Amino acid sequence: MIKITLPDGSVREYEKGTTSMQVAQSISEGLARNVLAAKINEQVWDLSRPIHADSALTLLTWNDTLGKETMWHSSAHLMAEALEALYPGVKFWVGPPLENGFYYDVDLNGQTLSPADFEKIEQKMLELARQNNVYVRKEISKTDAIVYFKDKGDEYKLDLLERLEDGNITLYTQGNFTDLCRGPHIPNTGFIKAAKILNIAGAYWKGDEKNKMLTRVYGITFPKEKELKEYLTMLEEAKKRDHRKLGRELELFTFSEKVGMGLPLWLPKGAMLRERLIQFMQKAQLKAGYVPVATPHIAQKELYVCSGHYEKYGKDSFQPIKTPQEGEEFFLKPMNCPHHCEIYKSSPKSYKDLPVRYAEFGTVYRYEQHGELHGLTRVRGFTQDDAHLFVRPDQVKDEFCKVIDLVMMVLNALDFNDYTAQISLRDPENLSKYIGSDENWRLAEQAIIDSAAEKGLRTVTELGEAAFYGPKLDFMVKDALGRKWQLGTIQVDYNLPERFELEYTGSDNQKHRPVMIHRAPFGSLERFIAVLIEHCGGNFPLWLTPDQVAVLPISEKYNEYAQKTLNLLGESGVRGFVDDRNEKIGKKIRDNEIKKIPFMLVVGEKEEAEAKVAVRAHGKGDIGTFTIPDFAHYINELIESDFNRKDKE
RNA sequence: GCCGAAGUAGCUCAGAGAUCAGAGCGGCUGCCUUGUAAGCAGCGGGUCGCAAGUUUGAAUCUUGCCUUCGGCUCCA
């Protein structure tokens, strides 16, 4: 007999060789019907695999992330089977599950696949799924596996096999399809009741652009037709939040082919929103001891030769600007740090002066690859809320903590609650490629780890993701479609102080090298605003939104009173506009609801007589009448209490 | 940069070798003088992304380029 420990802590005894499926059946029939896979001592197993030793067991269903992954991994095999039936000679690379669905990289063997074929593949998948084919696991010797795939002519699988150890190789077969696969899989294809091919894209074999490009087919499946419908509805909703669409509708920004790709043009409403974000940050930075600096948009080539950026990025960036002077070359600045280093050097520094914190909203230009440009999230000209802190090594931890506070304050003020912080450290296998002393690195890495823990950040640690010049902490936020974007970043840098020979005089009257901290809580205004638009669906916080109120006169007769109302509100810092179009009130309300204006102030005969406004809140409807000073007070109070609430959090 | 798809009015889209290139929304003008999610009528608005080619004839077919979109690679 073996002992099986269940997640609730209870222990049951079973015959040696019992399968997870049998355990499920012994618990309840319903569970046995819904279970997809089992977690045995932290490993996910097929339900049909016999258990031979005492184990902790968790039965995984569709409600578990691991259950979904298993289902989607099995679905990738099902899609492969369908593709093989429809496209003879198709060859397969890998087909993993994703956060939402799965993909399979395939070589179509000269055939083509287009969105018009999606339905055909979906139908084939469902047809095969209905056969309730069992996913059969088979252990196989390496030699036999090589013979099998050689026979099949699938060179990609042979490549995979080369790197696998004998005795550790399994095949999975369902219906007519056999794949080299570690598993695990769901019991049979019958669990898959709904399938959708989402899109296709090119993907280099093994992610190397020198290799052949395979076709990556993305799909998703569900155990119920209804869930697929819900998922597709969710995708539609997410598309409505796309910052590129809302940016146009809310008149925030645009692009022009003449100006050039990746170079955003800010419209008046967007520019004002930007301006408010800048002021918000400047206020917070002044409070935190930053001092503003300002630098030009170009610099001589020599500056970037000194910083090392020329050598690393020179040929892949915007090419130099020539002058009538022979041999003179200027570059558009791709970052602000070298300029700030020169500001640091403009006067001698004492240990008592540190930390020095130079802040600048610096616009930088980077020649991003053509295919990489994406709305406002990836552009060629953008403005960073940049600052550089020059600190003594013993101040790194403390300053780092303060910067985390600032980043968290910003994310909190804009209602970003779902973010993760990525700690990027050195690759322990390859320490020689990093610049700076081992001791300083250890100090800085520990400082980052400790500060993040101290602040209670949800973190992931990535070894080898550090820049060559220092470790960093990045704040990642998801957009409406679940794509991850890096917003705020904090980086420790040992390289630039070295290259620019930055110094301060210590208490020992000796010269010392400061440590530099780069930080940008927004990351860039462009990307931040893009993610913010998607995050709030265009319903910006009241303090930030372009127009807080729309004053709606009932008829032309009240246009004058409407304008007077707006002017009075303006004196209290409330901003908006008068909708004096010759339209019925119902139409004006509809239009301004669509434009997501937070408050609509309806004014007519009654209101003018009483010197009041009838207030309608976006998405809520009528909230009563206010005198104008009362309403101004109401709206300002709302903003203030929102800030106060967040300050306390 | 690579693979694939798409570009028609300010926006969303129809037209798929031969009516004169269309609709809705938005815009403008007029009528109405409006009370909480679309009042009525009229008018503008387009070298059908750009260039070349095939054809008696091209928005429509071919090729090249540009831009955008979905991915890949890259990302200071």
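Fair warning: this is a prediction, and the values are worked out from it, not measured in the lab. Each chain gets a letter, A, B and so on, in the order the sequences are listed, and its residues count up from 1.
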For this session: List in chain and number order the residues that pass side chain to side chain donor-acceptor pair (under 3.5 Å) with A/Gln548, two or more places apart in sequence or in another chain; answer none if no residue qualifies.
Result: none
Exercise. Touch check for A/Gly260, heavy atoms < 4.0 angstrom, all strands: base, sugar-phosphate only, or nothing?
Worked result: nothing
Please tabulate, for side-chain N and O atoms in residues 588-602 of chain A, each donor-acceptor pair with protein atoms closer than 3.5 Å (sequence neighbours left out).
| residue | atom | partner | partner atom | Å |
| --- | --- | --- | --- | --- |
| A/Lys588 | NZ | A/Pro553 | O | 2.9 |
| A/Lys588 | NZ | A/Asp579 | O | 3.0 |
| A/Lys588 | NZ | A/Arg581 | O | 3.2 |
| A/Asp591 | OD2 | A/Arg581 | NH1 | 3.0 |
| A/Asp591 | OD2 | A/Arg581 | NH2 | 2.9 |
| A/Asn592 | ND2 | A/Asp579 | OD2 | 3.0 |
| A/Asn592 | ND2 | A/Lys588 | O | 2.8 |
| A/Glu593 | OE1 | A/His618 | ND1 | 3.0 |
| A/Glu593 | OE1 | A/Gly619 | N | 3.2 |
| A/Glu593 | OE2 | A/Arg616 | NE | 3.1 |
| A/Glu593 | OE2 | A/Arg616 | NH2 | 3.4 |
| A/Lys596 | NZ | A/Gly537 | O | 3.4 |

For this session: Could you encode protein contacts along nucleotides 34-46 of chain B as a string, one character per nucleotide from 5' to 3', using B for base contact, S for sugar-phosphate-only contact and - for no contact, with a heavy-atom cut-off of under 4.0 Å?
Result: BBBBBB-------
For this session: Under the side chain to side chain donor-acceptor pair (under 3.5 Å) rule, collect the residues that match up with A/Arg248, sequence neighbours excluded.
Result: none
Exercise. Within less than 4.0 Å of OP1 or OP2 of B/rU68, is there a side-chain N or O belonging to A/His374?
Worked result: no
Exercise. Reckon A/His370 has a side-chain N or O less than 4.0 Å from the OP1 or OP2 of B/rG1?
Worked result: yes
Exercise. So what does A/Met335 hit on the nucleic acid, given a heavy-atom distance under 4.0 Å: a base, only sugar-phosphate, or nothing?
Worked result: base
Problem set entry | Any A/Arg378 side-chain N or O less than 4.0 Å from OP1/OP2 of B/rC75 | no
Seminar exercise, completed: Using Watson-Crick geometry (N1-N3 plus N6-O4 or O6-N4) or G-U wobble (N1-O2, O6-N3), each under 3.5 Å, B/rC74 is paired with none
For this session: Give a yes/no answer on whether the side chain of A/Arg216 brings an N or O atom under 4.0 Å of OP1 or OP2 in B/rG70.
Result: no
Exercise. Expressed as a whole number of Å, how far does the C1' atom of B/rU54 sit from that of B/rU60?
Worked result: 13 Å
Exercise. Does A/Lys258 have any salt bridge (charged side-chain N to carboxylate O under 4.0 Å, His left out) partners at least two apart in sequence or in another chain, and if so, which?
Worked result: none
Exercise. Considering every strand shown, what is the Watson-Crick or G-U wobble mate of B/rC65 when both distances are under 3.5 Å?
Worked result: B/rG49
Exercise. Pick the nucleotide of RNA chain B nearest each of A/Ala201 and A/Ser317; which residue has the one closer to the 5' end?
Worked result: A/Ala201
For this session: Give A/Tyr218 one of three labels, base, sugar-phosphate or nothing, depending on what nucleic acid heavy atoms sit under 4.0 Å from its own.
Result: sugar-phosphate
Problem set entry | C1' atoms of B/rG7 and B/rA16, separation to the nearest Å | 16 Å
Seminar exercise, completed: Sequence neighbours excluded, the answer for salt bridge (charged side-chain N to carboxylate O under 4.0 Å, His left out) partners of A/Lys240 is A/Glu237
